[in-house]
Protein chains: 2
Amino acid sequence: MGIPEVQTESLIKDTAKALFFQKGVLNATTQEIADEAGVNRALIHYYFRSRELLVDTLLEEAVNEKRDRIRSILASERPFREKILLYIDAVVDQGLKYPHLENFIITETARHPDKMKILCPKDRVKSSDMIRKDLDEEIQKGLIQPVSAEHFIINLLSLCNYPLLAKTVVQNMHGMSDTAYRKFLQDRKDIIYQTLFNETAPGILRKEEHSAEVHSIKKTAEQKKE
Amino acid sequence: MGIPEVQTESLIKDTAKALFFQKGVLNATTQEIADEAGVNRALIHYYFRSRELLVDTLLEEAVNEKRDRIRSILASERPFREKILLYIDAVVDQGLKYPHLENFIITETARHPDKMKILCPKDRVKSSDMIRKDLDEEIQKGLIQPVSAEHFIINLLSLCNYPLLAKTVVQNMHGMSDTAYRKFLQDRKDIIYQTLFNETAPGILRKEEHSAEVHSIKKTAEQKKE
DNA sequence: CCTTCGTTTAACAATTTTGTTAAACATAAA
DNA sequence: TTTATGTTTAACAAAATTGTTAAACGAAGG
């Protein structure tokens, strides 16, 4: 049978992701996608039937990936504050890689709220429930102000995602170059933690920025147990 | 001369705003706009030359309005924390009225970063400079954790705007109805203040939700001076 | 070698969308 | 009433965009 040089279907998907999530062409044409992928436009219809179905596929993968990321961090066995640190790191780093992913999700789910419902069955455990116990403990100890798990999560999402979403606004408001903006986002990781917990973030995590992740974090975990 | 029944130009603009900012049809067609306004499509080109120029006009007005709103609050003579409270109130309330305004600005400025530069001349006083003195005072008194004015402003913007931008995401994540969502946003006003200042927001403001604004706030100002 | 079948292509058709234009219209002024 | 001018309309043209289809292609299997 005719075997494609590469897996055309995923080539198209990857190209579309690059266009939508990285370059920010949220209304990229089937022609643009095909050109960028170096394939015939008809192939998009061959594999996905229509532009909309391709977009649906991208949305589904993006949402699932994002949700799994949150859950795997929140479900881990680390101390609460470390989970949050990890999450901040993950979101900001991913935001730098795919600057328009969040905007894509927001725009698309705003246009078709039903799709979101299909993607997120309500029988699942809510992420707010996953932190409620830890959070209430923090509150009871008087470490942070009383706040519902629902609001706390949205605080976290807001502080992480908005600066990514509103890149141009932020840059312009503060007169920042692209590199200044990137540094700003790196600095923000600590600021977000500090804003949520009203306490300077443990620096150890950031020392070896590039190499270690899990290792240094695990160490921090032990240290914090005290 | 031929005088229109209403000012057609502003009718078109207002209709477009309703479509873009309220209904969230960020890619509304000239035909859709014309239909919604009940005018001939050609009039859009007569008054604005092209769809893009109409969009530019909307963007400019939206950005200016939003910026003026921030500045007039920050420039007022109230105590710092009251300004912030006022700002939170203003943004959330406006966000409920024009749910897609922020998304419009973000999407449009992401597509054409240059337009943003034109709209915001850099010789203007930065809004971060307008709060730096007050903020540093708070920090020095040990009332809040050390944070740059730049980050503090983005914290504020993030906490206010993201839940509006990501309505569907938030709603779905917490399984909220539309009314539950609206209540959530109202509650958030206090949460945002509390998150920024690590202290419960003075309740007086919210008691008489509908009638007073400036009056009750002024009172609070006096009370806080102590 | 030739058939088969999944893949790919080019060409076509239909629809949508934007932009233009000449003529119709309405009112104020002459 | 006529004229002049700004406004509105319908009709047209052009471009962009999506979706379909029949034919070409190319390797695997007989």
Side-chain angles (χ1 to χ4, degrees), chain A residues 1-21 23-61 100 103-104 107-108 110-112 114-115, chain B residues 1-21 23-61 100 103-104 107-108 110-112 114-115:
Chain A
M1 325 143 188
I3 282 174
E5 299 178 23
V6 284
Q7 288 300 355
T8 310
E9 185 171 345
S10 43
L11 169 66
I12 292 174
K13 240 162 42 181
D14 291 343
T15 308
K17 282 181 186 173
L19 273 176
F20 284 104
F21 304 161
K23 301 197 177 178
V25 196
L26 292 201
N27 41 9
T29 297
T30 53
Q31 188 65 63
E32 288 180 86
I33 300 169
D35 288 349
E36 190 83 2
V39 304
N40 189 289
R41 191 174 60 84
L43 284 180
I44 292 175
H45 294 95
Y46 176 72
Y47 284 109
F48 301 94
R49 289 197 75 81
S50 73
R51 182 188 184 280
E52 181 155 16
L53 283 181
L54 168 59
V55 170
D56 284 356
T57 306
L58 297 183
L59 178 66
E60 180 172 346
E61 292 192 10
H100 301 91
N103 196 8
F104 175 82
T107 303
E108 210 54 40
R111 221 199 304 278
H112 314 287
D114 309 334
K115 288 184 186 170
Chain B
M1 324 147 191
I3 281 175
E5 299 177 23
V6 283
Q7 287 299 357
T8 310
E9 185 172 345
S10 44
L11 169 66
I12 292 173
K13 241 163 42 180
D14 291 343
T15 308
K17 282 181 186 174
L19 274 175
F20 284 103
F21 303 161
K23 300 197 177 178
V25 197
L26 292 202
N27 41 9
T29 297
T30 52
Q31 189 65 63
E32 288 180 85
I33 300 169
D35 288 349
E36 189 85 2
V39 303
N40 189 289
R41 191 175 59 85
L43 285 179
I44 293 175
H45 293 95
Y46 176 73
Y47 284 109
F48 301 95
R49 288 200 75 80
S50 75
R51 182 189 184 281
E52 181 155 16
L53 283 181
L54 168 60
V55 171
D56 285 356
T57 306
L58 297 183
L59 178 66
E60 180 172 346
E61 292 193 9
H100 300 91
N103 196 9
F104 174 82
T107 303
E108 210 55 39
R111 221 199 304 280
H112 313 288
D114 309 335
K115 288 184 186 170

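Convention: sequence-line order gives letters A, B, ...; per-chain numbering from 1. Just so it is clear, the structure is predicted and the values come from calculations on it, not from any experiment.
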Starting at atom [atom1] of [X], determine the distance to atom [atom2] of [N], rounded to an integer number of angstrom.
X       : N      : atom1 : atom2 : value
B/Arg41 : D/dC12 : CZ    : P     : 14 Å
A/Leu43 : D/dT20 : CG    : C1'   : 14 Å
B/Gln7  : D/dT8  : CD    : C1'   : 14 Å
A/Glu52 : D/dT18 : CD    : P     : 11 Å
B/Gln31 : D/dA10 : CD    : P     : 11 Å
B/Phe48 : C/dT20 : CZ    : P     : 16 Å
A/Asn40 : D/dT20 : CG    : P     : 15 Å
B/Leu53 : C/dG19 : CG    : P     : 9 Å

Given [N], is OP1 or OP2 found less than 4.0 Å from the side-chain N or O atoms of [X]?
X       : N      : value
A/Thr29 : D/dT17 : yes
A/Thr8  : C/dT8  : yes
B/Tyr47 : D/dT8  : yes

Next item on the list: Would you please test B/Val55 and B/Phe48 for side chain to side chain contact (heavy atoms under 4.5 Å, CB included) and show each step?
Entry: CA-CA 9 Å; B/Val55 171; B/Phe48 301 95; over 6 Å; no

Proximal nucleotide (of [options]) relative to the [X] side chain:
X       : options               : answer
A/Thr30 : C/dT18, D/dG6, D/dT18 : D/dT18
A/Ala42 : D/dT9, D/dT20, D/dT18 : D/dT20
B/His45 : C/dG19, C/dT7, D/dT20 : C/dG19
A/Tyr46 : D/dT8, C/dT9, C/dT7   : C/dT7

Notebook entry, point to check: Which residue lies toward the 5' end of DNA chain D, A/Glu32 or A/Arg49, if each is placed at its nearest nucleotide?
Noted result: A/Glu32

Check: Would a distance-only check, ignoring hydrogens and angles, find a side-chain to backbone donor-acceptor pair under 3.5 Å from B/Ser50 to B/Leu53?
Finding: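 Yes: the side chain of B/Ser50 pairs with the backbone of B/Leu53.
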
Check: Is B/Arg51 reaching over with its side chain to a backbone N or O of B/Ile44, donor-acceptor style, under 3.5 angstrom?
Finding: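 Looks like no, no N/O pair under 3.5 Å.
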
Note to self: Between A/Asn27 and B/Asn27, does the side chain to side chain contact (heavy atoms under 4.5 Å, CB included) criterion hold? Intermediate values first, please.
What the structure shows: CA-CA 9 Å; A/Asn27 41 9; B/Asn27 41 9; over 6 Å; no

Checklist line | Of A/Val25, A/Asn103, A/Ile33, A/Leu59, the residue whose pairing with A/Phe20 passes side-chain contact (heavy atoms from CB on, under 4.5 Å) | finding: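 Of the listed residues A/Val25, A/Asn103, A/Ile33, A/Leu59, the side-chain contact (heavy atoms from CB on, under 4.5 Å) partner of A/Phe20 is A/Ile33.
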
